[in-house]
Protein chains: 2
Amino acid sequence: MELNEQITEKLSTFFKIFGDYTRLRMLNLLSEKASCVGEIAENLGMEQSAISHQLKVLKNHDLVRTKQEGKQIYYMLSDDHIMKIFKTGLEHIEEEMDEK
Amino acid sequence: MELNEQITEKLSTFFKIFGDYTRLRMLNLLSEKASCVGEIAENLGMEQSAISHQLKVLKNHDLVRTKQEGKQIYYMLSDDHIMKIFKTGLEHIEEEMDEK
DNA sequence: CTTTCATATGAATATCTATTCATATTATAT
DNA sequence: ATATAATATGAATAGATATTCATATGAAAG
């Protein structure tokens with residue numbers, strides 16, 4: 001594959017997002033249903049602020065989008081491509097575990 | 001998807017590996033041909049030591065394997081699953097770029 | 001066995017990043 | 001207008017990690 005600097009840079013940034021335990025759990029949650037910050041925080045047993053910061057990261061990189069309803073802001077996956085990445089990674093992990 | 005703690009942990013660790021510019025460049029190089037430390041270092045314009053440290057990371061996580069020939073140690077991708085991950089990420093990046 | 005070349009390693013450092021704490025913003029309801 | 005609830009934000013901190021430097025290990029050749 002012929003990859004230029006810019007693409008490689010973007011690609012590593014992209015994978016970096018998935019390379020965090022908390023963010024993966026958040027994405028997994030959001031793949032099941034749109035949720036607002038407080039819900040996610042409670043569900044994961046983490047502080048609202050920590051989740052909010054991470055949601056910002058996810059949003060900045062267009063992995064999630066939002067829908068405001070009154071005071072609440074619902075977060076959801078921006079498209080189902082996200083889950084494809086997720087699954088491809090999973091396949092690898094599972095294959096690896098089978099081998100041992 | 002029903003993901004337990006252990007799987008999610010493994011998954012985030014796995015993605016973390018891809019989430020680094022230098023490692024991505026190394027993997028990309030290795031996808032074209034097996035190379036030894038010195039070659040990679042020269043090709044990327046980095047220190048031998050830095051590359052060696054990163055190769056260790058890649059090896060510890062079974063992304064690469066080695067074949068010794070005399071003094072030289074050739075590194076290569078451990079399987080072509082690695083490139084599949086690579087490509088899935090690329091697809092996402094490219095789609096994203098098209099949108100804008 | 002000593003020299004040379006390729007690679008690995010350990011410690012030190014500098015950068016990055018996830019989380020916390022305190023506080024600000026924003027939207028609704030009273 | 002003020003109180004309340006949901007969320008966002010900025011600064012501080014602690015922990016992780018990529019790179020460098022100096023040195024060690026290992027293999028082959030002389």
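As the structure is a computational prediction, the values presented were derived from the model and not from experiment.
Judged as a ring-ring contact (aromatic ring centres under 6.0 Å, His included), the pairs with a partner in residues 54-99 of chain B (not counting sequence neighbours) are, in order, A:Phe14-B:His92, A:His81-B:His92, A:His92-B:His81.
Not a single side chain to side chain donor-acceptor pair (under 3.5 Å) links B:His53 to another residue, sequence neighbours left out. Applying the side-chain contact (heavy atoms from CB on, under 4.5 Å) criterion to B:Gln6, with sequence neighbours excluded, gives A:Met97, B:Asn4, B:Lys10. By the salt bridge (charged side-chain N to carboxylate O under 4.0 Å, His left out) test, B:Lys56 pairs with no residue at all, sequence neighbours left out. By the side chain to side chain donor-acceptor pair (under 3.5 Å) test, A:Arg23 pairs with A:Gln54, sequence neighbours left out. Remark: A:Glu94 engages no residue in a side chain to side chain donor-acceptor pair (under 3.5 Å) (not counting sequence neighbours). In this structure, the side chain to side chain donor-acceptor pair (under 3.5 Å) partners of B:Glu91, at least two apart in sequence or on a different chain, are A:Lys84.
At the heavy-atom level, A:Tyr74 lies nowhere under 4.0 Å from the strands shown. At the heavy-atom level, A:Lys59 lies nowhere under 4.0 Å from the strands shown. Heavy atoms of A:Tyr21 sit nowhere under 4.0 angstrom from any nucleic acid atom.
Interatomic distance, B:Asp62 CG to B:Leu77 CG, rounded to the nearest 0.5 Å: 12.5 Å. Of the inter-residue distances, the one linking A:Ile93 atom CD1 with A:Asp98 atom CG reads 11.5 Å to the nearest 0.5 angstrom.
Taking atom NZ on A:Lys67 and atom P on D:dA6, their separation rounds to 19 Å, with Å as the unit. Distance CZ (B:Arg23) to C1' (D:dA16): 12 Å, rounded to an integer number of Å. Taking atom CG of residue B:Asn60 and atom C1' of nucleotide D:dT17, one finds them 14 Å apart after rounding to whole Å. Atom C1' of nucleotide D:dG15 and atom NZ of B:Lys16 are separated by 11 Å, given to the nearest angstrom. Following rounding to the nearest Å, A:Met26 (CE) and D:dT7 (P) show an atom-to-atom distance of 12 Å.
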Under 3.5 Å, which donor-acceptor pairs link side chains of residues 65-73 of chain B to any protein atom two or more places apart or in another chain?
unit_1, atom_1, unit_2, atom_2, d
B:Thr66, OG1, B:Lys59, NZ, 3.0
B:Gln68, NE2, B:Gly70, O, 3.0

Without placing hydrogens or testing angles, list every side-chain donor-acceptor pair under 3.5 Å for residues 29-49 of chain B, not counting sequence neighbours.
unit_1, atom_1, unit_2, atom_2, d
B:Ser31, OG, B:Asn28, O, 2.6
B:Glu32, OE2, A:Met1, N, 3.4
B:Lys33, NZ, B:Glu39, OE1, 3.1
B:Ser35, OG, B:Lys33, O, 3.0
B:Glu39, OE2, B:Cys36, N, 3.2

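Looking at residues 30-42 of chain B, you'll see that no heavy atom sits under 4.0 Å from any atom of DNA chain D.
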*What string of B, S and - do you get for nucleotides 19-25 of chain D, 5' to 3', when a contact is any protein heavy atom under 4.0 Å?*
SBBB---
*For nucleotides 24-30 of chain C, just jot down a letter per nucleotide in 5' to 3' order: B, S or -, based on protein non-hydrogen atoms under 4.0 Å.*
---BS--
